[in-house]
Structures are given as structure tokens and as C-alpha cells.
4 protein chains.
Amino acid sequence: MPVRRGEKYDNIIDAAIAVIARHGYHRAQVSKIAEEAGVAAGTIYLYFEKKQDLLVSVFQERFGQIIEKSKRDLEALDDPRQKLRYLIYSHYAALAGDPEFATVTQIELRQSDPVIRSGISAIMRSYFEIIDTVVTLGQNTGHFEPSLDRRLVRNMIFGTLDQTATAWVLSGGKYNLLSQVEPTYRLLIGGIGRGATKGGEPV
Amino acid sequence: MPVRRGEKYDNIIDAAIAVIARHGYHRAQVSKIAEEAGVAAGTIYLYFEKKQDLLVSVFQERFGQIIEKSKRDLEALDDPRQKLRYLIYSHYAALAGDPEFATVTQIELRQSDPVIRSGISAIMRSYFEIIDTVVTLGQNTGHFEPSLDRRLVRNMIFGTLDQTATAWVLSGGKYNLLSQVEPTYRLLIGGIGRGATKGGEPV
Amino acid sequence: MPVRRGEKYDNIIDAAIAVIARHGYHRAQVSKIAEEAGVAAGTIYLYFEKKQDLLVSVFQERFGQIIEKSKRDLEALDDPRQKLRYLIYSHYAALAGDPEFATVTQIELRQSDPVIRSGISAIMRSYFEIIDTVVTLGQNTGHFEPSLDRRLVRNMIFGTLDQTATAWVLSGGKYNLLSQVEPTYRLLIGGIGRGATKGGEPV
Amino acid sequence: MPVRRGEKYDNIIDAAIAVIARHGYHRAQVSKIAEEAGVAAGTIYLYFEKKQDLLVSVFQERFGQIIEKSKRDLEALDDPRQKLRYLIYSHYAALAGDPEFATVTQIELRQSDPVIRSGISAIMRSYFEIIDTVVTLGQNTGHFEPSLDRRLVRNMIFGTLDQTATAWVLSGGKYNLLSQVEPTYRLLIGGIGRGATKGGEPV
DNA sequence: TATGAATGAGCTTTCATTCAT
DNA sequence: CATGAATGAAAGCTCATTCAT
């Protein structure tokens, strides 16, 4: 029945992010979120069926937009290496531009219960698909090593971005996350090894 | 801060892992863990100050042992590439050999509250130091690209291992995680790019 | 205390009966009744001060009409035995003719809170008076045993009708309640005992 | 898991009756019952799974005992008329001896929700069976009119007892309910009609 | 040492009612 | 006359922790 949209819908989502970022996931009561949003507690239930739905929506709305934008922007690029670089850029940019959202995403929402996590997983899957598409293209065009297992490559890409973002959040955002775009790109493309590793003598 | 050690101490930790793996973090009540361990609920408080201490100890004990063993074994190796390969192997092996522990580590304990997470972080830091040591050695000996930022490399290594392990757990352990040791090694060393990327024309 | 009358007034009462019969007393929200009546929730408060007033009115309007009709019809009858028979008939007929109302009356509205119940009691009292009048007449004319306590007789009459009606509703209305008019009459008049009990040797 | 017995179990049931009788069903919060019982609110949940279970247990324990006693005592009697008389007596006695319980039984618990009511119904059914047994015996031995529908007779008996008891409670217990045993017996046996109605000319 | 019965703080959610439009 | 979005009070239940035995 509920699930209405409108200005308040956005206010509540923003309030949820602010409260979670400030007090942590476990102290983010509905009443506190309502107060932050400037509405009564009951009003939240005109927009979200349950608290869990609100928290999942935090992800869906924000991350969903980011993913959609990524998807569109990626289509405008041809070179899979450019696509990869853009992927890194947009991942870091989304978090660097909104530290509260970054905290919620990288730290707080990972503490949530199974229902919320599975809501988040659904969105993550579509993100993984985007990464997979880029990897596959790169392998087909010969820019990426075709012998590599795509799933493993995806895990490396996402794992690296995610871990780097988490480390940045935990550092308190002391440095500019966007400064890591190019280094990350080079690292992902070239690996740790020195020089002509490919075709060389691996140990 | 354990109040006491002894046989029951280990029983309780094992029981905690079993219960969390079976019922999930949010349903792992102290009473259930006590029952699994064959003691009364109150007894747990003779060994652990708080439930949180028990959960942190799950990590400290198990992961601590793994880290200690890694550290010792790594000292026996000279080549940083061999060290890296061993790092991957021991990370995967610890999880592949104990699926319950893997579930608890990769999924359930991430839902925990700030206190537990910070307890876990402390242990993770010593793990990160080990990774850093290997990376630094590799750069000093010229086996790893010296221009790479160590922290970023560490994030890639840990992020890749962690994400790969999580994906494996979420798959239900359908394949052998250890089969990913060599591919992971090659991927980390060589990156995604094809052929003589290093010194070539990055895009 | 209705604030206003009119077509919508009746619509709302009918809607209340329908919703209570369909969803039960505890799920009969004002909003649901409003929807059923085809008005906005707030509109109900133009016709009734409180939800409780609406529910009491369900009784007052419907049962009041029944009682009024009973009263008038009874005046046309002379023989107190005929009056008693008609009382039984009209009680059963009112419920048999409107199963939704029967459910609301016999089952759902008994779950209501004190205010509603006392509103209902007020109406019941006038019904009890009608019964009392019939009993008194019967005793005065010598058709009914004069030594019987009138209040007790009334309790038997109403208790029997009410319990029989409730049993019928709970049976799902599987049989025709009106088929019970004559048996009920004979039972109330003659009692359970066999043969010439009156003046005989009671045990 | 819960559902323990013991001294506190009885205390809580007694407290529930007292609180419901004093404040009414709708104001009988768990916390209030706990206070009355001299235990913490949480303790109630060691003895009852849910509040509803407690309320049903109020009935089961008290009314169940009454029914059991009735059953046993009835077996010691031979004459169905004596059995009927005893039925009336024990019904009235159970309520007259415990006014708080009478209020809860006759008034407050009728306001409860479907779950509780169905719990109560289950117990009532066994009471109805006892009545049915007595009626059937009376008809078989020729003491009760055999042509009467048993279900209808049961409805009259229970309806009369119940309504009489309710009227007594609503009167505030101003008179002695047990004084109604004999009048009720005579009324049920002989009916309202005067003299040799049976076989006479019913109108 | 060990027990486990008892504690009690803490929070989501519903829904009758209001009132600005 | 009518609307329906917004309000906010109110209470059942869980479970980590304690402590008398």
C-alpha cells in the first residue's frame, strides 16, 4: 500500500544516510531518522513498508543512479581500457563526492541483517555484470589477456576498488580518493610484476 | 580480555563458529552458543567479559594462528614471488579447509557492530603488515614494480583475495578454492593487460 | 452523537458492517471502512465523532429498527404465547436475513472495547424490556407460570436465542435458522422435562 | 522453548486475572501483569510464549479444572435430573466463588482477539460435550423429552447459564448467584408454560 | 567452578484522528 | 462539504548479562 514518492521520499533517504553515517547502523532508529528528515516517525511508513525497505532504498536509489550513469557513460567509450579507467573513476568519484554515503556504503551497511544485505546484493549483481561486460570486451578485442578467468578478474577489479575505498574511508578521507584512479588503473592493467612479465619467466 | 583459558575456552569458540555459521550472526544468542558448547549460559561469562569479546576472540584465535603460521612459513622463503604465492595459498587454504569458519569470516562477522569490527581490524592490521613486508621486499629486490604505491598494492592483493573468497563462499563452495591459487598469482603479478604492457603504450 | 445524517451516513454504516464481517473487528480500520464506503477517511469524522460512535451506531441503527418493528408487531398480537413465538421469529429472522450483520452482531462486536459494549448494552436494555413485557403479560394472563422469576425467565429466553444464533453463525449458516423457531418455542414453553412435569414430582 | 510451570506460573495467571478484572482487557499490559505478579516483564516470557498464550491459559487452567471436576462429580450421579442440577450448581459456584474470575470470564475475555477466542472455544467444546452427555442420558432414560433436538437443548442450557451469569456480573454481584440454582433447574426442566403443557394444547 | 532463572532496557510499527487545502 | 497526508502515542517482545545457589 505505502511506497509513495515525492520530496519527502528523498528527504527521508538523505536523513537515513546522515543518521547512519553519524550514529552508525545500530543506532539509527526510525525515530531519529524521522527527526532528521523533519517528519513524524509514522510518516516514514507512508513511504516505506518497513525500516529494512528504507535502508535497501538508500542503496537502490543512490547506487542505482550511479550504476545507471556508469552504464550510459561506458557506452560512449570504445576502448575497453578507457572503459576500465572510467569504471575506476566513477566508483571512486561516487564515494569521494559524498563522504557520508561512502561511510554508509563501505562500513555501516555491511553490518546490516540478511534481508538488507540481500537487497544490496541484487544491486551489486548488476554492477558485477557491468564489470564483466568490460572485461569480456577487453578480452575479445585483445586488449586484455584472454586466458584469464573472467570471474577472477572481476573479483580482482571489484575487490581492489572496494578495499581501496574502504581503506580511504577508514583513513578519514585524509587524501583525495580520485588521486588513486590512475595508479589503480595501471596496477590493474599491469599487475605487480616488473617489466615484461607476460611471456617472461614467472616464478 | 579473556578471563580464563582452558578446554572450555576452546569449546566455546568452536561452538560460536558453529552456531554463527548455522544460524547466522543475528541469531547467534549466547544461550545457543552455550548449549552447543555444553555449558550453561552463565559459564561463558567466566571465560569472556562480553559477547563481543567472544566474537572478537573467534577471530583472534583462529586468524591469529593462521597469521602466525604464515609469518613463520614466509620466513623460510626467499623469493618475494614465492612469498606472494604462499600468501595466496595460505589465505585460500585456511578458508577452504574450514567452510564454517569461512562463512563466519567472509559473511557473518561483517554484520557485527563497531566494537567487534574494530577488534577484527586490529588483527587485520598485522595481516596487512605481512603483505606490506612481502611487497616491499619484492620492490627492493626488483621483482615487483618499484613505482607502485605499496598501500595500493596491498589493497589490491587483499581485496582480490577477500573478494575471491567471498564469491567462493557465496557460491556454496561449489569449486575448489585452492584451484584459484595459481590463477590469482598470475593475475596479481601480470595484471589484466596483454603482453608487454610494462614499458608499452598504456592507454 | 452523530454529527450529521444523510445518504453517506447509511453508506458508512453499511460499509462498517461489510468490512467487519469480512476482515473481523480487529482489522476494521477507519481507512478500510472509508474506502468501502467510497469516501475519504476524514469524511467519516463529519458523520461520527469517533470510530466507537460509528460502531455503536451500527447496532443502534440496525438493531434499533428491528426492535422498533418487533415492538409494533407485538402490539398487534394478543396471546402472550403468540408474542413469544413472534419474538423468537423476529430475532432469528433479523439474523438469518443478513448473514454479514449476524456475524458482526454475534461474533465480532463482542470483541469490542468497553465503550462500545456499553453503547450496545443501552440498546439491549430496551430489548430486554420487550421480553420482560411479554413475560409479565403471560404470567398475568396465566399462560406462563407465575411463580417464575421474571429476570431469570428473560435470561433464559435471551440466552437461548443468543446462544442458538451464535451456534448457527459459527456453523457457517449451514442450516436454516428459521427452522429453529418452532422447536425453540416449544422448548422454552415446555422445558426439557418429560410429560406432566408441572405439579409432578420434580427431582 | 518456554512454557515452564511452577509457583510463578500460577502467580502470573492470578495476576493476569486480577489486572484484567481491575483494568479491563484492553488495558491489561504485560508490564502491568508482571508488576502485579511481582516479576519482571521478561519473566512472563519464560512461562508463556506470547501474551495470548497467557490469556488462553487463564481459561485453560481455571475453567479446565472446573470442567474436570464437573466431569468427575457427574459420574458419581445417576439421575440425569440430578446431573443437570449439579451442572447448574457447579457453573454458578465456579463464578460466584471468584468474582474477579467471573468478570474476566463473562465480560473481559469476550473482547479478546480471534486467537484467544479460538483457544477458549476449544475448552468450551469439551464443556458442551459434557452438557450433551447429560442431555442424551436424560432422553434415553425417559427423564427428558426425547423429541427435542439435543443441540438446541444444549444451546438453551448453556445460553441460560451464561446469560444468567453475565447478568449477575453486570449487577455487580449484588445477589447470591447460587440462589439461582434451583430456580434455574426448575425453569429448564419445566419451561415457561403453565401446568400440563406437555401433551396439552400448545398455541 | 558452574548453573540457569530472572532481569529490564530498548525499538519498530499501527492506526485513530486532525487540519490545511 | 470533502479530502488524505501527516501525526505520534503506545506496547509486545528479545536477549545479553547478572547473581543467588
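Side chains included, hydrogens not; waters and symmetry mates left out as well; all remaining heavy atoms used.
- For the pair C:T103 (side chain) and C:P99 (backbone), a donor-acceptor distance under 3.5 Å is present.
- Base pairing of F:dT21: its partner is E:dA2, meeting the Watson-Crick or G-U wobble criterion (both donor-acceptor distances under 3.5 Å).
- Distances from the side chain of B:Q29 to the nucleotides F:dT3, F:dC13, F:dC15 place F:dC15 closest.
- Within the 4.0 Å cut-off from OP1 or OP2 of F:dA2, at least one side-chain nitrogen or oxygen of C:K8 is found.
- Comparing F:dT7, F:dT3, E:dG8 by their closest approach to the side chain of A:L46 singles out F:dT7.
- Although no hydrogens or angles enter the test, the distance criterion places a donor-acceptor pair under 3.5 Å between the side chain of B:K32 and the main chain of B:R27.
- Considering only the side chain of B:V30, F:dA16 comes nearest among E:dT13, F:dT7, F:dA16.
- Remark: C:K50 is in phosphate contact with E:dT17, judged by side-chain N or O atoms under 4.0 Å from OP1 or OP2.
- The side chain of C:T43 sits closest to F:dT3 out of F:dA6, F:dT3, E:dT3.
- For F:dT7, the OP1/OP2 oxygens have no side-chain nitrogen or oxygen of A:Y45 closer than 4.0 Å.
- Proximity of a side-chain donor or acceptor of C:S121 to a complementary backbone N or O of C:R117 within less than 3.5 Å is detected.
- Counting only heavy atoms from C-beta on, B:K51 has its side chain closest to F:dA16 among E:dT17, E:dA2, F:dA16.
- The backbone N or O of B:T105 lies less than 3.5 Å from a partner atom in the side chain of B:R110, making a donor-acceptor pair.
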